[in-house]
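The block underneath contains the structure these notes are about, expressed in structure tokens.
All residue numbers in this chain count up from 1 along the given sequence.
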Amino acid sequence: MTTANGPSRLTRFWLWCGFAFLYVPMGILILYSFNESRLVTVWAGFSVKWYGELFRDRQIIDGVLLSLRVAALAASGAMLLGTLAGLALSRLGLFRGRSLFGAMVTAPLVMPEVITGLSLLLLFVALSQLIGWPGQRGALTIWIAHVTFCTAYVTVVVAARLAELDESIEEAALDLGATPWRAFLFVTLPIISPALLAGWLLSFTLSLDDLVIASFVTGPGASTLPIVVFSSVRLGVSPKINALASILIVLVAAGTFFAWWVASRVGRRASR
């Protein structure tokens with residue numbers, strides 16, 4: 001409900017309740033990351049020792065580095081394949097098998113992660129028995145699995161952007177003597193670059209956060225951060241996990257604020 005002067009008090013009340021539901025638990029988590037006690041539910045005084053313990057934990061640091069490396073490579077691979085799939089769905093018309101191709105590309109969007117992970121595990125086991133590859137599951141198989149399901153998200157984003165693109169702009173470039181490749185490189189690609197960036201960031205986030213699929217296709221010595229955290233939590237929540245989560249929250253908040261600041265500056269310049 002709104003009034004002439006803006007949202008009503010009831011609307012603002014429910015809005016603040018929603019914010020509290022989302023962000024108060026994060027604030028409590030950050031607060032208890034500075035807890036002296038080893039028990040995460042008992043406050044025993046202010047301390048930063050768990051941050052030091054976190055950076056001395058080799059398993060967590062290795063998990064962070066592996067997750068970042070896999071996520072960056074998976075997002076790049078998914079962006080490439082998703083862009084090609086989006087172009088095929090948007091620019092090649094009603095070719096034979098288009099419906100089947102679109103359904104297969106976007107199937108991971110609706111497929112339960114357990115089914116996807118189990119299917120990829122069986123695939124890697126069958127390939128290992130037939131051709132001897134992969135010799136063992138690890139970072140490579142995690143990367144292949146993440147590219148597989150992230151490509152679906154990039155395809156949807158890119159295809160939606162291409163569907164809104166005025167094809168007459170590309171046709172004008174072709175009429176002026178540009179080759180199809182140059183028209184794509186210098187006309188189409190800059191226009192759809194926000195969609196490519198959005199798909200890359202979405203894929204990076206999904207890969208970094210994945211636990212179910214990675215747990216199926218990984219092997220000894222290749223534990224991503226979600227697997228390390230999940231294994232640690234099953235034995236009891238450590239204050240080091242609170243410290244790790246606090247750092248991630250601060251980094252995401254800083255990145256979001258920076259993106260908002262850049263977008264606002266660009267918007268002000270455009271309005272001038």
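Side-chain N or O atoms of Ser232 include none that pairs as donor or acceptor with a backbone N or O of Val228 at under 3.5 Å. Judged by distance alone, with hydrogens and angles left aside, the side-chain atoms of Trp50 form no donor-acceptor pair with the main-chain N or O of Asn242 at under 3.5 Å. Formation of a donor-acceptor pair under 3.5 Å by the Ser33 side chain with backbone atoms of Ile30 is found in this model. The backbone N or O of Leu225 lies less than 3.5 Å from a partner atom in the side chain of Ser67, making a donor-acceptor pair.
Between Pro134 and Leu127, the shortest heavy-atom distance links the atoms CD-CB, 4.4 Å. Taking each heavy atom of Ala145 and Val217 in turn, the nearest pair found is CB-CG2, 3.9 Å. Trp43 approaches Phe46 most closely through the heavy-atom pair CZ2-N, 3.9 Å. For the pair Ile247 and Phe55, the tightest heavy-atom approach, listed with the atom from each and the gap, is CD1-CZ, 3.9 Å. Between Pro239 and Ser37, the shortest heavy-atom contact is CG-O, 3.7 Å. Heavy atoms only, all atoms of each residue included: Leu29 and Ile249 are closest at CD2-CD1, 4.3 Å.
Partner Phe216 forms a side chain to side chain contact (heavy atoms under 4.5 Å, CB included) with one of Thr141, Val114, Ile142, Leu120 and no other, that one being Val114. When Thr106, Val105, Thr151 are each tested for a side chain to side chain contact (heavy atoms under 4.5 Å, CB included) with Val156, only one passes: Thr106.
Between the side chains of Ser168 and Asp166, at least one donor-acceptor pair of N or O atoms lies under 3.5 Å.
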In a table with atom names and distances, give each donor-acceptor pair under 3.5 Å that connects a side chain of residues 185-205 to protein atoms at least two apart or in another chain.
unit_1, atom_1, unit_2, atom_2, d
Thr188, OG1, Glu170, OE2, 2.4
Ser193, OG, Pro190, O, 2.7
Trp200, NE1, Ser76, OG, 3.2
Ser203, OG, Gly199, O, 2.9
Thr205, OG1, Leu201, O, 2.9

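Looking at Phe101 and Met104, their side chains never come closer than 4.5 Å, going by heavy atoms from C-beta outward. Taking the side chain as every heavy atom from C-beta outward, Ile60 and Leu54 approach each other to under 4.5 Å.
Ring-plane geometry between Trp16 and Phe19 is classed as perpendicular, the angle between the planes exceeding 60 degrees on a 0 to 90 degree scale with a lower cut at 30.
For Tyr51, the ring pair (Phe, Tyr, Trp, His ring centres under 6.0 Å) partners are Phe34, not counting sequence neighbours.
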